Amino acid sequence: MQQPTDFAIIPDRDSIGTVDRTIQFFPSQTTEPKRLRTDDITRWNETGFLGPLDVYDEAEITDIRKFFDDLLRKTLAEGKDSYSISSAHLKHARVYDMLCDDRIVDYVSDLLGQDVIGWGAHFFCKMPGDGKRVDWHQDCSYWPLTPTKAVTVWLAIDDADLENGGMEIFAGSHTYGLIDFETSDAGAGNVLDQTVENPEQYGTRMHTPLSAGQISIHRDLLLHGSAPNDSDRRRCGLTLRYCPADVTAYLGWQAKGVPVRGKADPELWPGASRPAE
């Protein structure tokens, strides 16, 4: 049977509401990290965020950017927008290989343990002056996963800073559980559809500049967002999503998962295959 490759970027709210989830912060228990330092683990538990972390050198990220440029051209030619390239690891072998890249998984494994699932890959590409923003939100409010142990790796395809709409966070907000939000309509200029009001009450605001080829990592409960790109430079990032293998996925999302480190129960994560493309 052919594996599914298309999943909603913004899943149905009512469907997620039917999933009985354990929503809380689970601190990393790692005492002897292999790629990170012990103070990185402490900072992770306190802030819910790490970065910048080096992964790809200039030649490698230039080649990745050329791959994305071609993919974006094809996507726009099909009448889609620059935010629509999601579940990309199920469609493009190049992205699948990045999801499985040991240099990235080493960081993630230091935070999540030795059994890791990679389950998502979504390009967030802000074109110059496109006017769209990502309002303050928590990733876990979109994901039918339990318990809430998932993380996002944000890989900078282009340099990302405040000028071109780089990501900002509220450090420490990951300790407040699921935070109430308002739903925005399609014409609000929000790339997603949630807005947390008065986020400053939940932590310390930080911007997170990255050079192309670097990554940051954040918890699924961390409040984050980004302003519009009012510059003349593009800002593209690839979000790669991971969770420990003891997390359960609902609404068919287990079909997205790829065991990238250690072992996984095939009943929970049957293992998506590498696309032929």
Side-chain angles (χ1 to χ4, degrees), residues 1-12 15-16 18-23 26 28-30 33-36 53 55-56 60 64 67-68 71 84-124 139-155 215 217-220 237-277:
M1 184 174 67
Q2 187 175 6
Q3 69 182 23
T5 59
D6 289 307
F7 294 83
I9 293 175
I10 301 177
D12 178 68
S15 296
I16 291 180
T18 66
V19 178
D20 184 15
R21 294 189 292 163
T22 299
I23 301 176
F26 294 87
S28 174
Q29 302 297 322
T30 302
K34 297 179 179 179
R35 184 73 186 269
L36 297 169
L53 302 169
V55 176
Y56 295 113
E60 290 173 312
I64 290 170
F67 160 78
F68 174 74
L71 180 57
S84 65
I85 308 172
S86 66
S87 298
H89 68 295
L90 302 178
K91 305 166 187 174
H92 308 287
R94 183 70 178 270
V95 181
Y96 184 102
D97 292 344
M98 293 165 69
L99 183 74
C100 299
D101 193 317
D102 282 338
R103 289 171 291 181
I104 295 175
V105 177
D106 283 349
Y107 287 124
V108 174
S109 180
D110 273 351
L111 300 173
L112 299 184
Q114 290 305 304
D115 298 320
V116 180
I117 302 296
W119 59 265
H122 184 183
F123 288 96
F124 281 81
D139 290 337
C140 78
S141 62
Y142 290 99
W143 298 343
L145 307 176
T146 187
T148 50
K149 296 181 179 180
V151 305
T152 292
V153 168
W154 206 101
L155 168 66
I215 65 169
I217 311 176
H218 63 266
R219 287 300 310 243
D220 52 3
L238 172 61
T239 57
L240 301 168
R241 322 286 195 176
Y242 300 88
C243 66
D246 63 355
V247 167
T248 300
Y250 291 89
L251 308 183
W253 279 36
Q254 65 272 18
K256 296 184 181 188
V258 180
V260 296
R261 180 66 53 85
K263 300 177 296 182
D265 181 346
E267 293 295 320
L268 292 178
W269 299 102
S273 58
R274 183 177 186 270
E277 181 184 345

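Not measured: the values here are computed from a predicted model.
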For this session: Establish, from distance only, whether the side-chain atoms of H89 and D97 form a donor-acceptor pair under 3.5 Å.
Result: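 There is no such pair between these side chains.
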Exercise. Hey, mind stepping through R103 and E60 against side-chain contact (heavy atoms from CB on, under 4.5 Å) and telling me if it holds?
Worked result: CA-CA 13 Å; R103 289 171 291 181; E60 290 173 312; 3.0 Å; yes
Problem set entry | Candidates S87, S86, S84 - the one meeting side-chain contact (heavy atoms from CB on, under 4.5 Å) with H122 |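 That would be S86; it is the only one of S87, S86, S84 passing the side-chain contact (heavy atoms from CB on, under 4.5 Å) with H122.
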Is [Y] close to [X] at the side-chain level, that is, under 4.5 Å between some pair of heavy atoms?
X: F67; Y: V95; result: yes
X: L99; Y: R241; result: no
X: F123; Y: L71; result: yes
X: T239; Y: F124; result: yes
X: L36; Y: L53; result: yes

Exercise. Short question: side chain of R219, backbone of F26 - any donor-acceptor pair under 3.5 Å?
Worked result: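 Yes.
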Exercise. Which atom pair, heavy atoms only, marks the closest approach of W143 to I16?
Worked result: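 Smallest interatomic distance, heavy atoms only, reads N-CD1, 4.0 Å.
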Problem set entry | Where A150 and W119 come nearest, the two heavy atoms and their spacing |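 Shortest heavy-atom contact: CB-NE1, 4.3 Å.
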Side-chain donor/acceptor pairs under 3.5 Å, residues 243-260, sequence neighbours excluded:
{"unit_1": "D246", "atom_1": "OD2", "unit_2": "K149", "atom_2": "NZ", "d": "3.0"}

Exercise. Does the side-chain contact (heavy atoms from CB on, under 4.5 Å) test come out yes or no for V151 and V108, once each step is laid out?
Worked result: CA-CA 8 Å; V151 305; V108 174; 4.2 Å; yes
Problem set entry | Residues forming a salt bridge (Lys or Arg N to Asp or Glu O under 4.0 Å) with K91, sequence neighbours excluded |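 Only D6 meet the salt bridge (Lys or Arg N to Asp or Glu O under 4.0 Å) criterion with K91.
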For this session: Go through the steps to decide whether W154 and L240 satisfy the test side-chain contact (heavy atoms from CB on, under 4.5 Å), and finish with yes or no.
Result: CA-CA 6 Å; W154 206 101; L240 301 168; over 6 Å; no
Roughly how far, to the nearest 0.5 Å, is the [atom2] atom of [Y] from the [atom1] atom of [X]?
X: I64; Y: L155; atom1: CD1; atom2: CG; result: 6.0 Å
X: L112; Y: S28; atom1: CG; atom2: OG; result: 7.5 Å
X: T148; Y: D220; atom1: OG1; atom2: CG; result: 5.0 Å
X: T152; Y: I217; atom1: OG1; atom2: CD1; result: 10.0 Å

Exercise. Which residue pairs satisfy the side-chain hydrogen bond (donor to acceptor under 3.5 Å, both in side chains) criterion with at least one member in residues 105-114, sequence neighbours excluded?
Worked result: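 Only R35-Y107, D106-R261, S109-Q114 qualify under side-chain hydrogen bond (donor to acceptor under 3.5 Å, both in side chains).
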Problem set entry | Audit row: I104, Y242, side-chain contact (heavy atoms from CB on, under 4.5 Å) steps and yes/no | CA-CA 11 Å; I104 295 175; Y242 300 88; 3.6 Å; yes
